[in-house]
Amino acid sequence: MQEPVRIAVIVEGGIVQNVLTLGVPVEVVVIDYDTEGAELADTILVPQAAPGGHGMGEPYRAYVSSWPADRACSVAADFVHDFLTGRQGES
């Protein structure tokens, strides 16, 4: 069985509606740094890289959620494939 690809999506107040895959197993983690008005218990400290990328810097509070990505329906899968291969709009 193929190990899932692990993807972290970083947002600040954005909304991730879905993550689609073309049959490759994927696990998605969304980290949202927009915690204004949040209860402390609903957030966690997320480690950050130190300036220059060496070592660890100060952690920041964020909402974190994760799920396996949905297998795309055929129409969405065709669109994603065409987009990634540069063939969108050819049909």
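- Annotation: side chain of Asp42 is not in contact with side chain of Leu40 (no heavy-atom distance under 4.5 Å).
- Closest of all the heavy-atom pairs between Pro59 and Gln48 is CA-CG, 4.2 Å.
- Sequence neighbours left out, the pairs with a member in residues 15-31 that pass salt bridge (Lys or Arg N to Asp or Glu O under 4.0 Å) are Arg6-Glu27.
- Put simply, Val16 and Ile44 are part of two different groups of oily side chains (I, L, V, M, F, W, Y) that touch within less than 4.5 Å, one to the next.
- Using a 4.5 Å cut-off between side-chain heavy atoms of Ile, Leu, Val, Met, Phe, Trp and Tyr, with links allowed through other members, Tyr33 and Leu45 fall into different hydrophobic clusters.
- No side-chain heavy atom of Val11 sits under 4.5 Å from any side-chain heavy atom of Ile31.
- No path of Ile, Leu, Val, Met, Phe, Trp and Tyr side chains, each step under 4.5 Å between heavy atoms, connects Ile10 with Val28, placing them in separate hydrophobic clusters.
- Pairing each heavy atom of Thr35 with each of Arg61, the nearest pair is CG2-O, 3.8 Å.
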What do the steps show when you test Val64 against Val30 for side chain to side chain contact (heavy atoms under 4.5 Å, CB included), and what is the final call?
CA-CA 6 Å; Val64 177; Val30 175; over 6 Å; no
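- When side chains are defined from C-beta on, Tyr60 does not count as touching Val46, because their heavy atoms never get closer than 4.5 Å.
- In this structure, the side chain of Asp32 engages the main chain of Gly13 through a donor-acceptor pair within 3.5 Å.
- When side chains are defined from C-beta on, Ile7 counts as touching Val26, because their heavy atoms get closer than 4.5 Å.
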